[in-house]
Undergrad: 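The structure follows.
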Amino acid sequence: IEQPTFPKITEMCVKMIRRVNDEEGIKKLVNETFQKLWFTPTLHHDKEAMTRKILNITDVVAACRDTGYDWFEQLLQNLLKSEEDASYKPVKKACTQLVDNLVEHILKYEESLSDSDNKGVNSGRLVACITTLFLFSKIRPQLMVKHAMTMQPYLTTKCSTQNDFMVICNVAKILELVVPLMEHPSETFLATIEEDLMKLIIKYGMTVVQHCVSCLGAVVNKVTQNYKFVWACFNRYYGALSKLKNQHQEDPNSTILTANKPALLRSLFTVGALCRHFDFDQEDFKGNKMQFLDYNENHFLFSPLLGFAFIQHPSLMFEQEVKTLYNSILSDKNCSVNLKIQVLKNLQTYLQEEDTRMQQADRDWKKVAKQEDLKEMGDISSGMSSSIMQLYLKQVLEAFFHNQSSVRHFALNVIALTLNQGLIHPVQCVPYLIAMGTDPEPSMRNKADQQLVEIDKKYAGFIHMKAVAGMKMSYQVQQAINTCPQDPVRGFRHDESSSALCSHLYSMIRGNRQHRRAFLISLLNLFDDTAKTEVNMLLYIADNLACFPYQTQEEPLFIMHHIDITLSVSGSNLLQSFKESMVKDKKKERKPSSGEETESDSNSGSGSESEEEASKPRRLRKRVNSDSDSDEENDIHAVMKCLPENSAPLIEFANVSQGILLLLMLKQHLKNLCGFSDSKIQKYSPSESAKVYDKAINRKTGVHFHPKQTLDFLRSDMANSKITEEVKRSIVKQYLD
């Protein structure tokens, strides 16, 4: 058998590992697969096997650079947790081996960077290795303690490429986690780290500043207590801000702010970052107290300064001005996308910081549980987080309906953090998560789907309860992201799978027969003319019903059975109302005098006959001409003569009849897709035992749902069209069909 090449192995691993949060069966399989592949100890002398393992892991990490590393953290946590109580811990041993060998590989790659031919490749490998070490450090920072001094020199990397910046940021993140765990680190080592970090803060941009200030916070607050060093940095930037503020106050018309905008923004950002990680109200900091700068320009105000301040002082988010500002930015459709993202980022960062604090409080609580009630302290903190999220929840959820994917991305992150921390009741988020499960970006819909799975585990029945509301909201999301308003919104993915956009929702509900049937009936009820559902939404729902992942014959047969019931009532009523509008108008057309009555009565037969003939089903009409096209023309002509002058009933009929036509097309599609005969459909009874129709569906390939008449109706905007003879002919043909 031909051995797969490394890219093929990487691709397979990426596809598998992303399912680490699927249902229990798949989750178990993924954990077992990667435990054997990566997290089984390697024999010390087998260097080749270890190198293959290192290359495979770093290739997968590099391949997931743009989609995030949640999967790796989840996988590692699952595996380490599974052996917590075991005496032999192979995963922990394998992790130690991997970390030690990753550090060795980093040193090799650094040496080979002088080779100009392979510089790009090795630079990418170096980044992948350091990123992987950071991921290990996030879950088990103790593994990196002995390598901290090896990592420190990488803070002096000369930055000329994006990879160089990534090296610095990841090394800073590793040292932030590891240095506080070191026992008696040398003063020289700590001083060198502080100086290196300060140089980077002064020299480079936002991303580097953010990670380096965070690392400096961990080193100073937890190890060195060198607050004078931090205070000097703070005063450097705060002094610059104070000077600019005074100049602006002296002459508001001066261009000083515009001319110094880069320096102003850098100072604002750096001061904000320092305020996030250091409490300048404590006694260790001596000097003038900080004041808020009162600039009205949004781009100044919404640098992350506010977000950083709120992390240190979350009670500020209860202030009326802040609530009004945040909610207006999130709810205003015309507001800048960057401002919306900044508000969502601020909330996300606050929740992430709170999560870290809660985890640390939990660890501290376990250590000193008998002496102090730290859990109560944690409960107070989570209570504030919960109150804050209640203030902004509605507006964050509404951000799901934004046409920019970046806004939806940050909104989903905020909601996921909120739910994971248990800050709100999840039922109010369910329809929004169902809607986000239809997002075109796989990473976002997978995240939303995973949240639904977690909610379903804890609260059985919540998903079913909000399923129809979620379907309707998913249509709103699709409307928002539809780039071509002239094209109707469809309910399936435009790829080779043609799967329903809400297929994950259906797969969660289908296991419970009672819930599944109630859900399907609720969807079919939307097609009733009394529901007044807009036509494009009906098309969207019909698409989903046509493409749901049905597994047994009972599922489509149940839908077809209820389509027949709906058609027998709504369809008949619709046709009857159309007939009545024709006859009623025809009678009004001419009122004969008493002298003409006899003649009128004697001639009325021919007019009535044409109405009667036109209103009969085609197969029952008299055929005088063998040519079918001619017959159809005669039918159309007969009905056209009977149309009322008032066009309102015609448009109403055209609109309402789309639901009936879609149901007819849906039934025919399911019949073709599953290969059911008419007799099988007629014999079906929903009261039969479930086992009778429990056979698997034999789906036919190449069967697509294409309701042409409804698509033409929407594309031509017939509901708002001017009534011409052509439109009338189209409606009459619809009626005859």
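Starting from 1, each residue takes its place in the sequence as its number.
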Undergrad: Residues in side-chain contact (heavy atoms from CB on, under 4.5 Å) with Glu83, at least two apart?
TA: Leu80, Ala86, Lys89, Pro90, Val91, Lys92
Undergrad: Hey, does the side chain of Asp456 reach the backbone of Ile463 with a donor-acceptor pair shorter than 3.5 angstrom?
TA: no
Undergrad: Quick one: ring-ring contact (aromatic ring centres under 6.0 Å, His included) partners of Phe548, sequence neighbours excluded?
TA: Tyr506
Undergrad: Side chain to side chain contact (heavy atoms under 4.5 Å, CB included) with Val14: which of Asp59, Ile9, Val60?
TA: Val60
Undergrad: How far apart are the closest heavy atoms of Asn163 and Gly124, and which atoms are they?
TA: ND2-N, 3.8 Å
Undergrad: Under the salt bridge (charged side-chain N to carboxylate O under 4.0 Å, His left out) rule, what pairs show up with a residue in residues 393-421, not counting sequence neighbours?
TA: Lys394-Glu398, Arg408-Asp439
Undergrad: Which residues satisfy the side-chain contact (heavy atoms from CB on, under 4.5 Å) test with Glu176, sequence neighbours excluded?
TA: Ser214, Cys215, Ala218
Undergrad: Which pairs with one or both residues in residues 335-352 pass salt bridge (charged side-chain N to carboxylate O under 4.0 Å, His left out), sequence neighbours excluded?
TA: none
Undergrad: Has Asp164 got a side-chain atom pairing as donor or acceptor with Thr157's backbone, closer than 3.5 angstrom?
TA: no
Undergrad: Are side-chain N/O atoms of His147 and Asp100 paired as donor and acceptor at under 3.5 Å?
TA: yes
Undergrad: Are the side chain of Gln152 and the backbone N or O of Thr192 linked by a donor-acceptor pair below 3.5 Å?
TA: no
Undergrad: Check step by step if salt bridge (Lys or Arg N to Asp or Glu O under 4.0 Å) holds for Glu353 and Arg357.
TA: CA-CA 6 Å; Glu353 203 73 18; Arg357 285 179 195 169; 5.2 Å; no
Undergrad: Can you see whether Thr438 engages Tyr475 through a side-chain donor-acceptor pair at a distance of less than 3.5 angstrom?
TA: no
Undergrad: Would you call Asn482 and Asn403 a side-chain contact if the rule is heavy atoms closer than 4.5 Å?
TA: no
Undergrad: Once side-chain contact (heavy atoms from CB on, under 4.5 Å) is applied, do any residues pair with Tyr459, and if so which ones, sequence neighbours excluded?
TA: Pro426, Ile455, Phe462
Undergrad: When Glu454 is tested against each of Lys458, Gln451, Gln450 for side-chain hydrogen bond (donor to acceptor under 3.5 Å, both in side chains), which residue passes?
TA: Gln450
Undergrad: Counting distance only, does the side-chain N/O of Asn31 pair as donor-acceptor with the main-chain N or O of Lys28 below 3.5 Å?
TA: no
Undergrad: Name all residues meeting the ring-ring contact (aromatic ring centres under 6.0 Å, His included) criterion together with Phe134; count only those two or more places apart in sequence or in a different chain, and write none if there are none.
TA: none
Undergrad: Is the closest side-chain heavy-atom distance between Leu351 and Met389 below 4.5 Å?
TA: yes
Undergrad: Does a sphere of radius 6.0 Å around NE2 in His494 hold more than 12 heavy atoms from other residues, nucleotides or ligands, not counting ones at 6.0 Å or beyond?
TA: yes
Undergrad: Which atoms form the tightest heavy-atom contact between Ile130 and Ile174, and what is the distance?
TA: O-CD1, 3.8 Å
Undergrad: Given 3.5 Å as the limit, does a donor-acceptor pair link the side chain of Asn544 with the main chain of Cys502, or not?
TA: yes
Undergrad: Taking atom types as modelled, find out whether Gln74 and Asn78 have a side-chain donor-acceptor pair closer than 3.5 angstrom.
TA: yes
Undergrad: Specify the closest pair of heavy atoms between Pro41 and Ala94, including all atoms of both residues, with the distance to one decimal.
TA: N-CB, 3.8 Å
Undergrad: Per the side-chain hydrogen bond (donor to acceptor under 3.5 Å, both in side chains) rule, what does the pair list look like for residues 198-210, sequence neighbours excluded?
TA: none
Undergrad: Is the backbone N or O of Lys173 less than 3.5 Å from a side-chain atom of Lys138, with the two atoms forming a donor-acceptor pair by type?
TA: no
Undergrad: Tell me every residue that passes side-chain hydrogen bond (donor to acceptor under 3.5 Å, both in side chains) with Ser498, counting only those two or more places apart in sequence or in another chain.
TA: none
Undergrad: Partners of Gln404 by side-chain contact (heavy atoms from CB on, under 4.5 Å), sequence neighbours excluded?
TA: Val337, His402, Ser406, Val407
Undergrad: With sequence neighbours excluded, tell me which residues meet ring-ring contact (aromatic ring centres under 6.0 Å, His included) with Phe400.
TA: none
Undergrad: Strictly distance-based, threshold 3.5 Å: is any side-chain N or O of Gln476 a donor or acceptor partner for the main-chain N or O of Phe401?
TA: no
Undergrad: Which atoms form the tightest heavy-atom contact between Ala448 and Leu433, and what is the distance?
TA: CB-O, 3.6 Å
Undergrad: What residues, two or more places apart in sequence or in another chain, satisfy ring-ring contact (aromatic ring centres under 6.0 Å, His included) together with Phe189?
TA: none
